[in-house]
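Notes follow once the structure below has been shown.
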Amino acid sequence: MKLSLCTISFRHQLIDLKDIAFWARDNGFQGIELWGVHARNQSPLAIHNAQWMAAQGLSIPMISDYLPLHDATMLRQHTLDLCKQAQTWGAGKMRTFAGMLSSAQATIAVRKDITRALHDACSIAEDHGLKLLIETHPGTLADTLASTCDLIADTNHSALAVNFDAIHVWEGGDDPITAHSVLNPHIAHYHLKNISDRNQLHVFAPGNVYSAAGDRGGMVSLFDGAYDYRALLELIAQDSSSEASLEWFGNSVFPIVRNDLKQIRAMTERQTQSVAS
């Protein structure tokens, strides 16, 4: 399993990408998932580009952004711009959300509009040799397993894939292990995070996460939360080419993600030794 650090973790901190990269390299990460805002605002003249990252042993597997699926004109230009960013950084994947309404709120007409927009965006991505990932996330059409499956079927495009966020799958009422078995052919990336109690899942709402004064209560390290990741991580680790990102929104970014990385590596090493024996 290849593990990346998310730059969105530093959205309210003034830390240079170079310093984040050095830290990620020195602490065993293999990549950096770039938040779209950060990708767009890195100077094109900066030497800390994709080639420099590669020299540090780091890749940029994915750029996480938000495509305006509600506006066809804006969507085309934004998707083209995102493709350009992905190619500049050597990323093969681009992440977006499947609209701004939950599956329970969306009318048939809205679902048709979203799937049509996703199909169009996927066609642009495919023309650029890229994958477009929809994230399992509340408040979108990928908020439950059933709705996500319908979305994939209705979009019907080979460039569409899934960014599997187990906490949000669990939040939507589905078992992540079951969802993983169903969605596995479409999963291209994983987001890993946890919460101390189901009642505190609201802290992951975008409005709270993006606010510098937002509530960080309940955000805990991966193995200290209400969802037990061990079985899922064992499944993910069976595919050596799988890629995941530690998505941390709380305080003390460096020590938390360092510890999570160490625990994941220790667990997967034990699993490998067990299989070998």
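The shortest side-chain heavy-atom distance between Phe29 and Lys2 does not fall under the 4.5 Å cut-off. You'll find the side chain of Leu17 reaches within 4.5 Å of the side chain of Gln42, heavy atoms only. Residues Gln85 and Arg40 have side chains in contact (heavy-atom distance under 4.5 Å, counting atoms from C-beta outward). Within the 4.5 Å cutoff, the side chain of Ile264 has heavy atoms near those of the Leu3 side chain. For the pair Leu5 and Leu246, the minimum side-chain heavy-atom distance is 4.5 Å or more. Leu82 has its side chain out of reach of Thr79: every pair of non-hydrogen atoms, C-beta onward, lies at least 4.5 Å apart. When side chains are defined from C-beta on, Phe97 does not count as touching Leu67, because their heavy atoms never get closer than 4.5 Å.
Note on residues 105-124: pairs passing salt bridge (Lys or Arg N to Asp or Glu O under 4.0 Å), not counting sequence neighbours, are Asp113-Arg116. Within the structure, the side chain to side chain donor-acceptor pair (under 3.5 Å) test picks out the following pairs touching residues 215-224 (sequence neighbours left out): Ser221-Asp224. Applying the salt bridge (Lys or Arg N to Asp or Glu O under 4.0 Å) definition to pairs two or more places apart or across chains, none involves residues 170-184. Applying the salt bridge (Lys or Arg N to Asp or Glu O under 4.0 Å) test to pairs two or more places apart or on separate chains, none has a residue in residues 75-89. Listed by first and then second residue, the side chain to side chain donor-acceptor pair (under 3.5 Å) pairs that reach into residues 92-106 are Lys93-His189, Lys93-Glu243, Arg95-Glu135, Ser102-Gln105, Ser103-Asp143, sequence neighbours excluded.
Remark: Gln30 pairs with Arg265 by the side-chain hydrogen bond (donor to acceptor under 3.5 Å, both in side chains) rule, at least two apart or across chains. Residues forming a side chain to side chain contact (heavy atoms under 4.5 Å, CB included) with Ala159 (at least two apart in sequence, or on another chain): Cys122, Glu126, His157. In this structure, the salt bridge (charged side-chain N to carboxylate O under 4.0 Å, His left out) partners of Asp165, at least two apart in sequence or on a different chain, are Lys193. With sequence neighbours excluded, the residues forming a side-chain hydrogen bond (donor to acceptor under 3.5 Å, both in side chains) with Asp228 are Arg230, listed by chain and number. Residues passing the side-chain hydrogen bond (donor to acceptor under 3.5 Å, both in side chains) test with Thr7 are His38, sequence neighbours excluded.
With 3.5 Å as the limit, one finds a donor-acceptor pair spanning the side chains of His78 and Asp65. Side chains of Ser196 and Gln200: a donor on one and an acceptor on the other come within 3.5 Å.
With a 4.5 Å cut-off between side-chain heavy atoms of Ile, Leu, Val, Met, Phe, Trp and Tyr, the cluster of Leu80 takes in Ile124. Chaining together hydrophobic side chains whose heavy atoms lie under 4.5 Å apart places Leu133 alongside Met62.
Using a 30° and 60° split on the angle between ring planes, His180 and Tyr190 fall in the parallel class, below 30°.
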Decide side-chain contact (heavy atoms from CB on, under 4.5 Å) for Tyr66 and Val37; before the verdict, give the C-alpha distance in whole Å, the side-chain angles of both, and the deciding distance to 0.1 Å. CA-CA 10 Å; Tyr66 318 92; Val37 174; 5.7 Å; no

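With rounding to the nearest 0.5 Å, the separation of OG1 in Thr148 from CD1 in Ile134 is 6.0 Å.
Although no hydrogens or angles enter the test, the distance criterion places no donor-acceptor pair under 3.5 Å between the side chain of Ser245 and the main chain of Glu247. Checked by atom type and distance alone, the side chain of Ser147 pairs as donor or acceptor with a backbone atom of Leu141 at under 3.5 Å.
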